[in-house]
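For reference, the structure is listed below as structure tokens.
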Amino acid sequence: MTVLVVGASGAVGGAVVEGLLERGAHVRATSRMPERLSLPREVRTFAADLNDPASFAAALGGVERLFLYADLDDPVGLLTVVRAAGVRHVVLLSSSAVTFPGAQDDFNGSRFIRVERAVEESGLQYTFLRPGGFASNAARWSWSITSDGVVPLPHPEAVQVPIHEQDIADVAVAALTGDAMMGQSPVLTGPERLTLRQQVGIIGDVVGRPIAVLDQTEEQSAAMLSRHLPEVWVRQIIKDWREAVGTAPAISDAYTRITGRQPRTFRDWVADHVELFRAEQRRDSPTP
């Protein structure tokens, strides 16, 4: 079986590649700059641009299944090329945002709905993976932790159920290597509800030094986030934090049902990425 992984340079996509190789699949990967991919030698890489569907023609020849991110300007155009190439199953990394009330009018929810709908209408077999907030969002805090030992936040009591990217990849691999998940749309979460303040505390525990939460106004947070993110994302992040204060988001059992294993905790994620939060290691690392 040959599987094409789009987005193999990302944390989820890279883990999907590794999982597929362990299952004995023939794996291909695409990137606009494939020379920058760091993948096992047995993975065939192709130059392709999501904004140019025709550029995928060479990569798709002989491919049976496709792992795809939902960050697409022209999903219909790409899916037309995918179907014409003979691909029979698309596993789409979507978002649990599509399940929220008012998702169609929400920036985040609506962009995922648009791609899901295009997949449904393409005639291809599909599986939609709908994870909630990624544990890796905490990586945004790494520079203030390593430089000042603090995390500035406007709504530290916002509640999340952060999921480890490896858990998402495990479910993707299960979907890509069998037929049992065709037509399914599992919502994926981590195993525990945590406030942002609790997440900061866990990072401090793992690193072995106290890390403080610095209270911010929304305006201060927006100014800080805007240095690195587009304005529409800044508004979305702050809105999500505000609306999550005092909530009890659902905890999904889908990971365990699908894989037979317990999901990884936020503490596991921090331990797996602890170098991000250790000042002595960051000083020796090149500035991004």
Side-chain angles (χ1 to χ4, degrees), residues 1-21 25-95 107-108 110-119 122 124 126-129 131 134 136-137 139-140 165-166 168-169 172-173 175-176 226-234 236 273 276 285-288:
M1 178 180 64
T2 301
V3 182
L4 176 63
V5 177
V6 178
S9 60
V12 177
V16 170
V17 169
E18 292 178 5
L20 289 169
L21 291 174
H26 299 287
V27 183
R28 300 179 185 178
T30 63
S31 172
R32 284 180 297 177
M33 292 175 284
E35 67 277 5
R36 294 189 179 183
L37 292 174
S38 179
L39 297 171
R41 293 180 62 182
E42 60 265 42
V43 178
R44 293 185 63 191
T45 59
F46 296 79
D49 187 337
L50 284 170
N51 293 322
D52 179 12
S55 68
F56 279 82
L60 286 166
V63 167
E64 299 166 62
R65 304 191 186 223
L66 172 69
F67 176 76
L68 182 65
Y69 283 80
D71 191 12
L72 295 169
D73 289 338
D74 181 16
V76 174
L78 178 61
L79 291 165
T80 300
V81 173
V82 168
R83 184 174 182 181
V87 175
R88 70 184 187 94
H89 183 201
V90 174
V91 175
L92 179 74
L93 181 55
S94 184
S95 169
F107 162 72
N108 201 32
S110 62
R111 69 193 189 96
F112 288 108
I113 288 172
R114 182 174 67 92
V115 180
E116 284 195 7
R117 189 166 296 157
V119 174
S122 71
L124 292 159
Y126 62 84
T127 304
F128 298 150
L129 307 183
F134 286 28
S136 57
N137 289 338
R140 298 188 189 116
E165 67 269 7
Q166 184 64 56
I168 302 169
V173 170
L176 289 162
S226 294
R227 301 173 195 164
H228 312 287
L229 296 169
E231 182 182 353
V232 65
W233 274 111
V234 171
Q236 183 74 42
H273 301 279
L276 291 173
S285 301
T287 303

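Take Phe107 and apply the side-chain contact (heavy atoms from CB on, under 4.5 Å) test, not counting sequence neighbours, and it matches Arg111, Val232, Trp233, Gln236. For Phe112, there are no ring pair (Phe, Tyr, Trp, His ring centres under 6.0 Å) partners, not counting sequence neighbours. Every residue two or more places apart in sequence or in another chain was checked for a side-chain hydrogen bond (donor to acceptor under 3.5 Å, both in side chains) with Thr30, and none qualifies. Legend: residues meeting side-chain contact (heavy atoms from CB on, under 4.5 Å) with Ala15, ordered by chain and number and at least two apart, are Gln166, Ala169. For Glu116, the salt bridge (charged side-chain N to carboxylate O under 4.0 Å, His left out) partners two or more places apart in sequence, or in a different chain, are Arg130. Taking Glu18 as the reference, nothing meets the side-chain hydrogen bond (donor to acceptor under 3.5 Å, both in side chains) condition, with sequence neighbours excluded. The side-chain hydrogen bond (donor to acceptor under 3.5 Å, both in side chains) check on Glu231 picks up Arg235, with sequence neighbours excluded.
Nearest heavy atom pair, residue Leu20 against residue Val173, reads N-CG2, 4.0 Å. Minimum interatomic distance between Ala29 and Leu4 (heavy atoms only, all atoms of both residues): N-CD1, 3.8 Å. Shortest non-hydrogen contact noted between Val234 and Leu229 is CG2-O, 3.9 Å.
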For residues 42-65, dump all side-chain donor-acceptor pairs below 3.5 Å to protein atoms at least two apart in sequence or in another chain.
unit_1: Asp49; atom_1: OD1; unit_2: Asn51; atom_2: N; d: 2.9
unit_1: Ser55; atom_1: OG; unit_2: Asp49; atom_2: N; d: 2.9
unit_1: Ser55; atom_1: OG; unit_2: Asp49; atom_2: O; d: 3.3
unit_1: Ser55; atom_1: OG; unit_2: Asp52; atom_2: O; d: 2.6
unit_1: Glu64; atom_1: OE2; unit_2: Thr2; atom_2: N; d: 3.3
unit_1: Arg65; atom_1: NE; unit_2: Leu176; atom_2: O; d: 3.4
unit_1: Arg65; atom_1: NH1; unit_2: His89; atom_2: ND1; d: 3.0
unit_1: Arg65; atom_1: NH1; unit_2: Ala175; atom_2: O; d: 3.4
unit_1: Arg65; atom_1: NH1; unit_2: Gly178; atom_2: O; d: 2.7
unit_1: Arg65; atom_1: NH2; unit_2: Asp179; atom_2: OD1; d: 2.6

Please report, to 0.1 Å, the donor-acceptor pairs under 3.5 Å made by any side chain of residues 73-86, with sequence neighbours excluded.
unit_1: Asp74; atom_1: OD1; unit_2: Gly77; atom_2: N; d: 3.0
unit_1: Thr80; atom_1: OG1; unit_2: Val76; atom_2: O; d: 2.8
unit_1: Arg83; atom_1: NH1; unit_2: Ser122; atom_2: O; d: 2.7

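Atom CG of Leu92 and atom CG of Leu129 lie 7.5 Å apart (nearest 0.5 Å). With rounding to the nearest 0.5 angstrom, the CD1 atom of Ile168 is 7.5 Å from the OG atom of Ser136.
Within the structure, salt bridge (Lys or Arg N to Asp or Glu O under 4.0 Å) pairs that include any residue of residues 6-16 do not occur (at least two apart or interchain). Listed by first then second residue, pairs satisfying ring pair (Phe, Tyr, Trp, His ring centres under 6.0 Å) with a partner in residues 61-86 read Phe67-Tyr69, not counting sequence neighbours.
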